[in-house]
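Beneath this line is the structure, given in structure tokens, with notes to follow.
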Amino acid sequence: MDDARRASYTHGHHESVLRSHQRRTAQDSAGYLLPWLRPGLAVLDVGCGPGTITADLAALVAPGLVTGIDQSTKVLDDARAEAQRRNLSNISFAVGDIDRLDLPDDTFDVVHAHQVLQHVTDPVQALREMRRVCKPGGIVAARDADYSGFTWYPTLSSLDAWHDIYQRTARANGGEPDAGRRLLSWALAAGFDDVTPSGSLWCYATDASRQWWGGMWADRILHSSIAHDAVRLGLATPTQLEEISAAWRRWAAAPDGWFGIPHGELICRA
């Protein structure tokens, strides 16, 4: 892909973003894949971020080797620290680009990407690359959220504005925030003919999960890349973002607050 067409990662790697990513586990983010895993498999985790899911996968397939790749050298330092903290010796990390994987053909038994294809300008080509480095008969697995399917209560106009600003900013950056519903279409276009689609939901409705999710987004909408890009692109003003941040805190404090995030999932046979 021409560098001029490469998508920009809308979330960035501010502490508020990593606060979210570091909470993820293979159980809550790759549960659809777990029945396919067994000891000894070689796994590639594309867009591994701070490595918490990657480390879980490494523990599940040990002594099989797991490789995590990401475009950010800084976040890979966090991933290496996570692997070291958990004393995992069957895991390694490297800078990599899903558009052009610097890896040989037919290398991995499983190639996995969580919340990655929504940030890629050409997700069909990305899936082709994932298939290229997967062994024949292996598995290409992907999971992505679907932003238009987000639901929440109570209704707050500033959260409606947040939802609109995020989607417009993500698309301006070259991504597709409604990736979840498009995964099957993309996989078929990439040439897969043995595909098992599924879906799952993240739900934040307990006092603790509301405080965590709402507090994270209250910070994220002010300080992460989405905030800077929205203002730079003329899609929001700093005052609007302050109002959205306050709305997230009001939502988090609501005893009946509920937030649901649907995801599309794929298991593709290479």
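For the single chain, residues carry numbers from 1 onward in sequence order. The structure presented is a predicted model; accordingly, all values stated were derived computationally and were not measured.
Leu233 and Tyr166 are assigned to two separate hydrophobic clusters, defined by single-linkage of ILVMFWY side chains at heavy-atom distances under 4.5 Å. In the hydrophobic clustering of ILVMFWY residues, with side-chain heavy atoms under 4.5 Å counting as a link, Val124 and Met130 come out together. Hydrophobic clustering, with ILVMFWY side chains joined whenever heavy atoms are under 4.5 angstrom apart, groups Ile244 together with Leu156. Transitive grouping of hydrophobic side chains (ILVMFWY, heavy atoms separated by less than 4.5 Å) brings Tyr32 and Leu37 into a common cluster. Note: the hydrophobic cluster containing Val231 does not contain Leu235 (ILVMFWY, side chain heavy atoms under 4.5 Å, direct or indirect links).
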Check: residues 213-228 side-chain donor-acceptor pairs under 3.5 Å, at least two apart:
residue, atom, partner, partner atom, Å
Asp219, OD1, Arg249, NH2, 2.9
Asp219, OD2, Arg19, NH1, 3.2
Asp219, OD2, Arg19, NH2, 2.9
Arg220, NH2, His11, ND1, 2.8
Ser224, OG, Arg220, O, 2.7
His228, NE2, His223, O, 3.3

Show me the donor-acceptor pairs, under 3.5 Å and distance only, between side chains in residues 186-193 and residues at least two apart or in other chains.
none

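The nearest pair of heavy atoms linking Leu241 to Ala236 is CD2-CB, 3.8 Å. Asp109 and Gly40 make their closest contact through OD2-O, 4.4 Å (heavy atoms, listed as atom of the first residue, atom of the second, distance). Residues Arg210 and Ala254 approach most closely at NE-O, 2.9 Å, considering heavy atoms. Heavy-atom minimum distance, Asp99 versus Val120: OD1-CG1, 3.5 Å. The two residues Arg232 and Asn173 come nearest to each other via the heavy atoms NH2-OD1, 3.9 Å. A pairwise comparison of heavy atoms in Ala26 and Leu57 identifies CB-CD2, 4.3 Å as the closest pair.
Using a 4.0 Å cut-off between charged side-chain N and carboxylate O, Glu129 and Arg100 make no salt bridge. A salt bridge links Arg132 to Asp105: one of the charged nitrogens lies within less than 4.0 Å of a carboxylate oxygen.
A 4.5 Å side-chain heavy-atom check between Cys268 and Val195 finds at least one atom pair inside the cut-off. Within the 4.5 Å cutoff, the side chain of Ile267 has heavy atoms near those of the Leu33 side chain. The shortest distance between side-chain heavy atoms of Leu103 and Leu44 falls below 4.5 Å. Put simply, the side chain of Glu82 does not reach to within 4.5 Å of the side chain of Gln84, judged on heavy atoms. Looking at heavy atoms from C-beta onward, Val111 lies in side-chain contact with Val46 at the 4.5 angstrom threshold. Between Leu117 and Ile98 the shortest side-chain heavy-atom distance falls below 4.5 Å. Leu266 places none of its side-chain heavy atoms less than 4.5 Å from the side chain of Arg143. Looking at Gln22 and Leu18, their side chains come closer than 4.5 Å, going by heavy atoms from C-beta outward.
Judged by distance alone, the side chain of Asn90 and the main-chain N or O of Ala58 form a donor-acceptor pair under 3.5 Å. Using modelled atom types, one side-chain atom of Asp122 and one backbone atom of Gln125 make a donor-acceptor pair closer than 3.5 Å. In this structure a side-chain-to-backbone donor-acceptor pair under 3.5 Å is missing from Asp194 to Arg269. A donor-acceptor distance shorter than 3.5 angstrom exists from the side chain of Asp70 to the backbone of Gly49, with no hydrogens or angles considered.
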task = With side-chain contact (heavy atoms from CB on, under 4.5 Å) as the test, would you mind laying out the steps for Thr237 and Glu242 before giving the verdict?
result = CA-CA 9 Å; Thr237 67; Glu242 292 282 356; over 6 Å; no
key: Evaluation steps, salt bridge (Lys or Arg N to Asp or Glu O under 4.0 Å), between Asp178 and Arg171   = CA-CA 10 Å; Asp178 292 345; Arg171 290 191 172 101; 3.3 Å; yes
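Within 6.0 Å of CG on Asp256 lie more than 12 heavy atoms contributed by other residues, nucleotides or ligands.
Taken from CZ in Arg86 to OG1 in Thr54, the straight-line distance is 9.5 Å, to the nearest 0.5 Å. In this structure, Leu60 CG and Arg38 CZ are separated by 13.5 Å, a value rounded to the nearest 0.5 Å. To the nearest 0.5 Å, atoms OG1 (Thr67) and CG (Asp45) are separated by 9.5 Å. In this structure, Arg182 CZ and Glu176 CD are separated by 4.0 Å, a value rounded to the nearest 0.5 Å.
Remark: Trp212 pairs with Tyr204 by the ring-ring contact (aromatic ring centres under 6.0 Å, His included) rule, at least two apart or across chains. Residues passing the salt bridge (charged side-chain N to carboxylate O under 4.0 Å, His left out) test with Asp144: none are found, sequence neighbours excluded. Every residue meeting the side-chain hydrogen bond (donor to acceptor under 3.5 Å, both in side chains) condition with Gln115, not counting sequence neighbours, appears here in chain and number order: Gln118, His263.
Annotation: side chain to side chain donor-acceptor pair (under 3.5 Å) contacts involving residues 151-165, sequence neighbours excluded, comprise Asp164-Arg168.
A ring-centre distance under 6.0 Å is found for Phe259 and Trp248.
When only modelled atom types and interatomic distance are considered, Thr25 and Asp56 share no side-chain donor-acceptor pair under 3.5 Å. Side-chain contact check for Asp229 and Thr169: no donor-acceptor pair (N or O, by modelled atom type) lies under 3.5 Å.
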